[in-house]
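Have a look at the structure below before the remarks.
Counting convention: from 1, in listed order, for ligands and their atoms alike.
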Amino acid sequence: MRRLVRETDLQPAHLVYPLFVEAGLNGRTPIPSMPGQDRLGLDALADEARDLAALAIPAVLLFGLPPAKDERGSGAWASDGIVQQAARRLKDARPELLVFADVCLCEYTSHGHCGVMAPNGEVDNDATLPLLAETATSLAEAGCDVIAPSDMMDGRVATIRAALDGAGFSGTPILAYAAKFASAFYGPFREAAASAPAFGDRRGYQLDPANGRMALDEVLTDLAEGADMVMVKPALPYLDVLRQVRDAVDVPVAAYNVSGEYSMLMAAVQNGWLDEERAIDETLTAIRRAGADLVVTYHARQWAVRRR
Ligand code: PBG
């Protein structure tokens, strides 16, 4: 009876699994702040693609740890950049795996900010735009199926759309991290991706957690600039925003169940304070119920393993 009247379903087909790919690494190495998650070397990707296929997880979202960083983040758009290489490997191993590429400079800049710095020590929004466009084009050339800008510079969706179209990738969709809040819950990710800002914080370009209406405005702006799908991030503290976005737009809506949400739950599980299976199921189902079509989550793989 419960199955018959259930309103919300959760399938592997709804999940996107984030992967951290590290240059120079052989095999995999655990991420201490994210129990159960690893950084992967290029040589581990073919097996990973096969495992995810067996679990019917359709998509991954790639993050890179480059061999070196510089002021401008040039590793982000290098044709042999770490994510570019990873995308080629994954596509070779499993062409039907959907490869989403996160587009941002923070993993590639020596200062860890999401854009280049102006002389006054602030992020230079407009000088960053062409670099993001270059990065997006290079990722599409490497075979990435979806371009997902997370940098939060104003005007980046329009700039990236124009660049992709100009380079012959008019069929490559953009998933905009549209409502991305300046959140404490990105902490474990910044350790995993070695992308914490060396000074200051991201409040100059990410949303104030207090502002739900502004989040909706960001979503509409990104759609007007040409985004095909929009994301709300983090997920759990912003389920109200997710619902508002779902009600306001007809495009696919994604939610990012971020690193801090993952680590918080897993820490409690490790202490024996939460039932892992039920807690994850409830979490992901709630995100779907609030309106997410796609859920980006570090739980994806384990959830799918247990479900078999
Ligand atoms: C890059 C980026 C971040 C995350 C996704 N893309 C970090 C940040 O904005 O500081 C966070 C993801 C997570 O916490 O799981 N800008």
Exercise for the section: Could you tell me if the ring centre of Tyr17 sits under 6.0 Å from that of His299? Expected result: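 No, the ring centres sit 6.0 Å or more apart.
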
Practice task
Would you check if the distance from the ring center of Phe189 to the ring center of Phe20 is below 6.0 Å?
Solution key: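 Yes, the ring centres sit under 6.0 Å apart.
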
Tell me the protein heavy atom at minimum distance from [atom], and give that distance in Å.
{"atom": "atom 1 (C) of ligand 1", "answer": "Ser150 OG, 3.3 Å"}
{"atom": "atom 4 (C) of ligand 1", "answer": "Lys233 NZ, 2.7 Å"}
{"atom": "atom 14 (O) of ligand 1", "answer": "Ser259 OG, 2.7 Å"}
{"atom": "atom 12 (C) of ligand 1", "answer": "Phe189 CD1, 3.4 Å"}

Within a distance under 4.0 Å of any heavy atom of [X], pick out the atoms of ligand 1 and give their elements.
{"X": "Tyr256", "answer": "12 (C), 15 (O)"}
{"X": "Cys114", "answer": "16 (N)"}
{"X": "Arg190", "answer": "8 (C), 10 (O)"}
{"X": "Cys106", "answer": "1 (C), 16 (N)"}

Practice task
May I ask you to check whether Glu107 has an N/O atom sitting below 3.5 Å from an N/O atom of ligand 1?
Solution key: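 No, no N or O pair falls under 3.5 Å.
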
Problem - Test of proximity, Arg202 against ligand 1: N or O pairs below 3.5 Å - result: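 Yes.
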
Handout entry: ligand 1 contact on Asp102 by region, counting heavy-atom pairs under 4.0 Å
Key =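 Near ligand 1, Asp102 shows its side chain, while the N, CA, C and O stay back.
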
Problem - Mode of Pro188 contact toward ligand 1 - side chain, backbone, both, neither (heavy atoms, under 4.0 Å) - result: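 Near ligand 1, Pro188 shows nothing, with every heavy atom at 4.0 Å or more.
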
Practice task
Please determine if Asp228 and Arg161 form a salt bridge, counting it only when a charged side-chain N lies under 4.0 Å from a carboxylate O.
Solution key: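 Arg161 and Asp228: salt-bridged.
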
Practice task
Answer yes when Glu48 and Arg301 have at least one side-chain N-carboxylate O distance shorter than 4.0 Å, and no when they do not.
Solution key: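 Yes.
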
Is there side-chain contact between [X] and [Y], with heavy atoms separated by less than 4.5 Å?
{"X": "Asn257", "Y": "Leu284", "value": "yes"}
{"X": "Tyr108", "Y": "Leu65", "value": "no"}
{"X": "Arg89", "Y": "Val21", "value": "no"}

Exercise for the section: Run the contact test for Met152 against ligand 1 with a 4.0 Å cut-off on heavy atoms, strictly below, and give the result. Expected result: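 Contact absent.
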
Handout entry: Between Arg288 and Gln11, a side-chain donor and acceptor under 3.5 Å
Key =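 Result is no, nothing qualifies.
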
Show me the side-chain donor-acceptor pairs of residues 127-134 shorter than 3.5 Å, one per line, residues at least two apart or across chains.
| residue | atom | partner | partner atom | Å |
| --- | --- | --- | --- | --- |
| Thr128 | OG1 | Val116 | N | 3.1 |
| Thr128 | OG1 | Asp124 | O | 2.7 |

Handout entry: Closest to atom 16 (N) of ligand 1 among Lys180, Met34, His113 (heavy-atom distance)
Key =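 Checking each option, the heavy atom nearest atom 16 (N) of ligand 1 is found in Lys180.
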
Exercise for the section: Report the member of Phe185, Phe63, Phe181, Tyr298 with the shortest heavy-atom distance to atom 15 (O) of ligand 1. Expected result: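 It is Tyr298 whose heavy atom sits nearest to atom 15 (O) of ligand 1.
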
Exercise for the section: Quick one: closest heavy-atom pair of Asp38 and Pro30, and the distance? Expected result: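 Of all heavy-atom pairs spanning Asp38 and Pro30, the closest is OD1-CA, 3.3 Å.
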
